[in-house]
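On a predicted model such as this, the values are computed, not experimentally measured, just so you know. By convention in this document, chain letters (A, B, ...) are assigned in the order of the sequence lines, proteins followed by strands, and residues within each chain are numbered from 1.
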Amino acid sequence: MVIDMRLSKYFIPTLKEVTADVQMPSHKLMVRSGMVRQLAAGVFSWLPMGHIVLKKVMNILRNEIDSIGGQEFLLPALNPIDIWEETNRVEAMGDVMFHIKNRDGLILAPTHEEVITYHARQHVKSYRDMPMVWYQIQTKFRNEPRPKSGVLRGRQFIMKDAYSLDSSWEGLDENYQKHYEAYCNIFNTCGIKFFVVGASSGAMGGKQSQEFMVESDAGEDLCAISDSGYAANIEVATSKVNPVGRIAEDLAIEEFATPNAKSIDDLVEQYHIPEHRCAKSVVYMVDDKPIIILMRGNDELNENKLESILGTNIFRPATSEELITYTGANGGSIGPVNLKTNIRVIADNLLKDANGLVSGANKDGYHYKNIDFARDVEIKEYYDLRTIKEGEPNPMDGEPIRIVKAIELGHIFKLGTKYSDAMGATFLDSDGKEKPIIMGSYGIGVERVIACYIEQNYDKYGIKWNKELTPFNAHIVGLNTKKSEEVREACEKLYNELQSNSLDTIYDDRDDSVGVKFNDADLLGVPIQIVVGSKNLANGQVEIKYRESGEKILVGLEEALAKVKAYYSA
RNA sequence: CGGGGCGUGGCGCAGUCCGGUUAGCGCGUCUGGUUUGGGACCAGAAGGCCGGAGGUUCGAAUCCUCUCGCCCCGACCA
């Protein structure tokens with residue numbers, strides 16, 4: 001069925017202006033070009049042209065995931081809460097999960113590990129049943145506290161989510177690698193400039209994960225990258241900073257009065273202590289138990305690193321009452337020596353074996369100096385706990401790190417057995433033993449692909465689609481179609497010719513002034529515009545304009561089809 | 001959840017401090033006419049419970065209270 005894509009009939013409501021609070025270029029253009037309309041905060045309707053682009057992206061996703069052996073499912077958004085309780089994720093998701101009010105026991109699924117594991121548990125019972133890659137392209141619901149940037153962060157969004165089932169860890173590695181490559185192919189095909197970073201698994205659990213990122217000021221993630229190839233999400237990024245180390249003098253530990261020093265900056269300023277020889281103490285409560293974290297000078301604690309060390313995300317900074325109860329002092333005078341109670345102390349790697357350090361005396365208004373971590377304190381646990389900073393040498397080759405903002409387009413995880421353990425999804429291995437299925441999960445935000453593409457491909461006039469994503473192959477701009485029968489006929493001829501050659505063509509047959517038509521054509525951004533006007537037509541010619549380059553050429557009416565064909569077969 | 005801002009014809013906005021004609025402007029829409037290679041022009045017209053509820057007042061888009069919605073910053077985030 002060929003759809004009538006004459007603009008006089010086809011619903012593409014373009015706009016000259018959008019409300020002032022639309023900030024991102026891609027958001028603005030998606031609204032102006034009639035691709036989407038907002039229905040509620042974080043909830044969008046996709047209009048016909050936007051929907052076509054969505055389907056194009058989905059097809060690219062489908063082709064790639066099919067080619068690595070994916071089998072497409074369509075899983076329900078309504079889920080029984082029971083399976084989520086099995087994995088303890090009702091609590092872990094918290095407010096992010098939508099709960100159905102008038103039907104107990106149903107939730108709206110924010111992701112689908114549980115459903116997949118449920119079906120795997122039913123039917124995948126032998127190592128012979130694996131490997132499997134199951135996937136779907138479907139709508140997710142997340143009660144985001146703050147939806148933003150148009151379609152980039154919504155409460156309802158479409159995700160391509162894939163899950164691998166393996167009987168061995170080697171199998172998982174293989175499936176993970178296949179997805180890595182498929183994801184690169186997908187974003188390359190879409191024409192999106194991206195980079196990959198090592199990432200934190202967060203509440204998803206698992207042992208390894210990587211994110212596919214697009215650099216953008218609108219991004220919500222910070223990434224540490226260097227030109228030589230190091231790339232990591234700031235949540236997990238490390239750097240090669242020299243440890244604090246030892247000084248020659250071997251002085252005895254000594255208390256001294258610091259009545260006006262409440263911060264590291266004060267110590268540095270008032271007592272001329274080098275910043276890196278101050279050991280900062282931060283107290284957190286984990287499961288109602290205090291823990292002291294020692295950091296170098298004004299280094300910042302990285303809570304994501306802390307989370308993976310503690311193995312839980314349920315912790316918080318201690319209150320001032322708790323500080324006094326457990327350490328004996330208020331914030332600003334806390335340290336590892338002379339603690340009031342026996343509590344767990346962990347320290348950043350940079351402080352290991354250091355001496356000549358200054359830290360709080362756990363007595364308001366006093367600090368110790370000449371602290372030797374090898375002599376005066378007994379700290380068994382040293383970890384990488386700091387948030388790295390711009391310019392530090394990367395851990396691979398020492399090239400300086402740049403920190404950039406980025407949008408997360410895709411994320412691949414080695415889940416391991418977290419879900420299969422929790423839900424009892426086991427199989428019989430060749431050795432006759434029952435084992436948990438080894439899983440991976442792999443997601444791409446479909447709307448984000450489109451927004452990021454536009455973010456990288458527009459000018460002041462509108463969108464610039466490439467061959468892969470463009471909603472239409474050609475855009476016929478008929479000038480003065482109302483008055484000129486010749487123009488009308490030429491347009492119709494072209495339109496039918498292109499359509500019957502399977503080239504999706506939109507035809508602007510509206511009775512509008514030329515300016516409106518040219519501007520809408522540039523706004524919609526179809527790669528090839530064919531301008532049909534009576535002046536050129538008098539010479540049997542039409543004008544072809546390439547949206548990307550702006551190049552315009554005159555060709556004979558009967559050559560236009562060939563030009564369009566040539567463009568798409570190149 | 002904390003801080004800030006905004007809800008006025010389909011769209012974008014002014015008016016709100018300091019209450020008082022018939023609530024304006026641009027775009028769009030409709031009718032007629034003139035135009036036509038980069039968002040045309042003339043003439044006419046339709047279209048509003050000023051987000052909602054309550055209150056103050058002779059009188060409320062405007063002041064007060066409550067409420068709903070949306071945006072931005074922060075917190076949070078798979």
Side-chain angles (χ1 to χ4, degrees), chain A residues 13-24 27-28 31-32 34 37-44 84 87 89 92-97 109-114 140-150 152-155 157 159 161 199-206 209 211 218-222 233 235 303-304 307 313-314 316-317 407-408 410-413 415 418-419 441-445 460-462 477-484 487 508 510-523 529-538 541-543 545 550 552 554:
Chain A
T14 58
L15 253 25
K16 268 201 261 197
E17 49 190 4
V18 292
T19 179
D21 49 45
V22 171
Q23 297 294 326
M24 282 188 77
H27 185 191
K28 202 175 286 188
V31 173
R32 284 194 54 213
R37 287 293 181 268
Q38 181 168 331
L39 219 211
V43 181
F44 286 82
W84 290 83
T87 58
R89 282 172 107 198
M93 292 286 169
D95 280 342
V96 170
M97 187 185 271
T111 172
H112 284 263
E113 281 78 11
E114 277 75 2
K140 305 272 180 271
F141 296 87
R142 296 184 188 181
N143 187 16
E144 293 290 346
R146 183 146 95 84
K148 58 183 285 202
S149 306
L152 271 188
R153 177 167 292 274
R155 295 208 166 110
F157 60 96
M159 183 187 268
D161 47 325
S200 149
S201 312
M204 292 291 292
S209 86
E211 290 168 327
E220 301 177 90
D221 285 87
L222 292 175
N233 194 305
E235 295 170 351
E303 291 198 349
N304 290 284
E307 175 182 337
N313 64 347
I314 303 170
R316 59 172 173 83
I407 297 165
E408 180 187 342
H411 202 159
I412 56 179
F413 295 86
L415 293 177
K418 175 178 162 137
Y419 296 91
S441 99
Y442 317 89
I444 289 179
K460 64 176 174 173
Y461 302 108
V477 180
L479 305 180
N480 307 319
T481 37
K482 190 180 183 188
K483 209 173 193 180
S484 165
V487 169
D508 192 346
R510 295 173 301 176
D511 181 24
D512 268 306
S513 69
V514 297
V516 170
K517 295 190 176 193
F518 283 134
N519 280 300
D520 271 356
D522 288 345
L523 174 62
Q529 298 170 13
I530 305 172
V531 181
V532 183
S534 40
K535 283 177 195 167
N536 287 323
L537 207 53
Q541 289 181 311
V542 296
E543 179 188 287
K545 175 178 166 183
K552 296 175 186 173
L554 283 174

Grab the N/O contacts between the protein and nucleotides 69-72 of chain B below 3.5 Å, and write none if there aren't any.
from  : atom 1 : to    : atom 2 : distance (Å)
B/C70 : OP1    : A/A41 : N      : 2.8
B/C70 : O3'    : A/Q38 : NE2    : 3.2
B/C71 : OP1    : A/Q38 : NE2    : 3.0

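- With rounding to whole Å, A/R510 atom CZ is found 17 Å from B/G37 atom P.
- Using atom C1' as the reference point in both B/G5 and B/G51, the two lie 16 Å apart (nearest Å).
- Here the straight-line distance linking atom CD of A/Q23 with atom NZ of A/K148 works out to 10.5 Å at 0.5 Å rounding.
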* **nucleotides 25-35 of chain B: protein proximity per nucleotide (B base, S sugar-phosphate only, - neither; heavy atom, under 4.0 Å)** => -BS--------

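- Side-chain contact, A/E211 with A/S209: no donor N or O sits under 3.5 Å from an acceptor N or O.
- A/K460 places its NZ atom 15 Å from the P atom of B/G38, with the value rounded to the nearest Å.
- Put simply, A/T19 has a side-chain N or O that comes within less than 4.0 Å of OP1 or OP2 on B/C13.
- Separating the C1' atom of B/A53 from that of B/C68 is a span of 10 Å, rounded to the nearest Å.
- A/L537 places its CG atom 15 Å from the P atom of B/G37, with the value rounded to the nearest Å.
- With rounding to the nearest 0.5 angstrom, the CG atom of A/N536 is 6.5 Å from the CD atom of A/E543.
- Taking the P atom of each, B/G52 and B/C11 are spaced 15 Å apart, rounded to whole Å.
- For A/E408, the side-chain hydrogen bond (donor to acceptor under 3.5 Å, both in side chains) partners are A/H411, not counting sequence neighbours.
- The residue A/R32 sits close to a base: some heavy atom pair falls under 4.0 Å.
- Remark: the separation of the P atoms in B/C18 and B/C6 is 16 Å, to the nearest Å.
- The P atoms of B/C17 and B/C64 are separated by 9 Å, rounded to the nearest whole Å.
- Residue contacts for A/K552: at a heavy-atom cut-off of 4.0 Å it reaches a base atom on one of the strands shown.
- One P atom belongs to B/G10, the other to B/C30, and the distance between them is 16 Å to the nearest Å.
- B/C76 atom P lies 13 Å from atom CD of A/E220, rounded to whole Å.
- As rounded to whole Å, 14 Å separates atom C1' of B/C11 from atom CG of A/D520.
- Of the C1' atoms belonging to B/U22 and B/A61, the separation is 15 Å, rounded to the nearest Å.
- Residues passing the side-chain hydrogen bond (donor to acceptor under 3.5 Å, both in side chains) test with A/N519, sequence neighbours excluded: none.
- The salt bridge (charged side-chain N to carboxylate O under 4.0 Å, His left out) test applied to A/K535 returns no partner, not counting sequence neighbours.
- If A/N304 and A/L479 are placed on RNA chain B by their nearest nucleotide, the residue sitting closer to the 5' end is A/L479.
- Contacts of A/P13 with the nucleic acid, taken as non-hydrogen atoms under 4.0 Å apart, are absent.
- Residue A/A20 has its side chain nearest to B/C13 when only B/G38, B/C76, B/C13 are considered.
- The closest donor-acceptor contact from the side chain of A/R142 to the backbone of A/M97 lies at 3.5 Å or more, if one exists at all.
- You won't find any donor-acceptor pair under 3.5 Å spanning the side chain of A/N480 and the base of B/G37, going by distance alone.
- Residue order along RNA chain B, read from the 5' end via each residue's closest nucleotide, puts A/F518 first among A/F518 and A/E408.
- Residues that satisfy the salt bridge (charged side-chain N to carboxylate O under 4.0 Å, His left out) test with A/D21, not counting sequence neighbours, are absent from this structure.
- On the C1' atoms, B/C1 is 45 Å away from B/G39, given to the nearest whole Å.
- Shown here, B/C76 forms no base pair; nothing in the strands shown gives a Watson-Crick or G-U wobble contact with both key distances under 3.5 Å.
- In this view, A/E303 and A/Y284 satisfy the side-chain hydrogen bond (donor to acceptor under 3.5 Å, both in side chains) rule, not counting sequence neighbours.
- Rounded to an integer number of Å, the gap from A/D508 CG to B/G39 P is 15 Å.
- With sequence neighbours left out, the side-chain hydrogen bond (donor to acceptor under 3.5 Å, both in side chains) criterion links A/D520 to A/T14, A/R510.
- When the salt bridge (charged side-chain N to carboxylate O under 4.0 Å, His left out) test is applied to A/E144, the partners found at least two apart in sequence or on another chain are A/R153.
- With rounding to whole Å, A/R316 atom CZ is found 15 Å from B/C76 atom P.
- Base pairing annotation: B/G59 forms no Watson-Crick or G-U wobble pair, as no partner gives both donor-acceptor distances under 3.5 Å.
- Contacts of A/D95 with the nucleic acid, taken as non-hydrogen atoms under 4.0 Å apart, are absent.
- Atom P of nucleotide B/U36 and atom CG of A/N519 are separated by 19 Å, given to the nearest angstrom.
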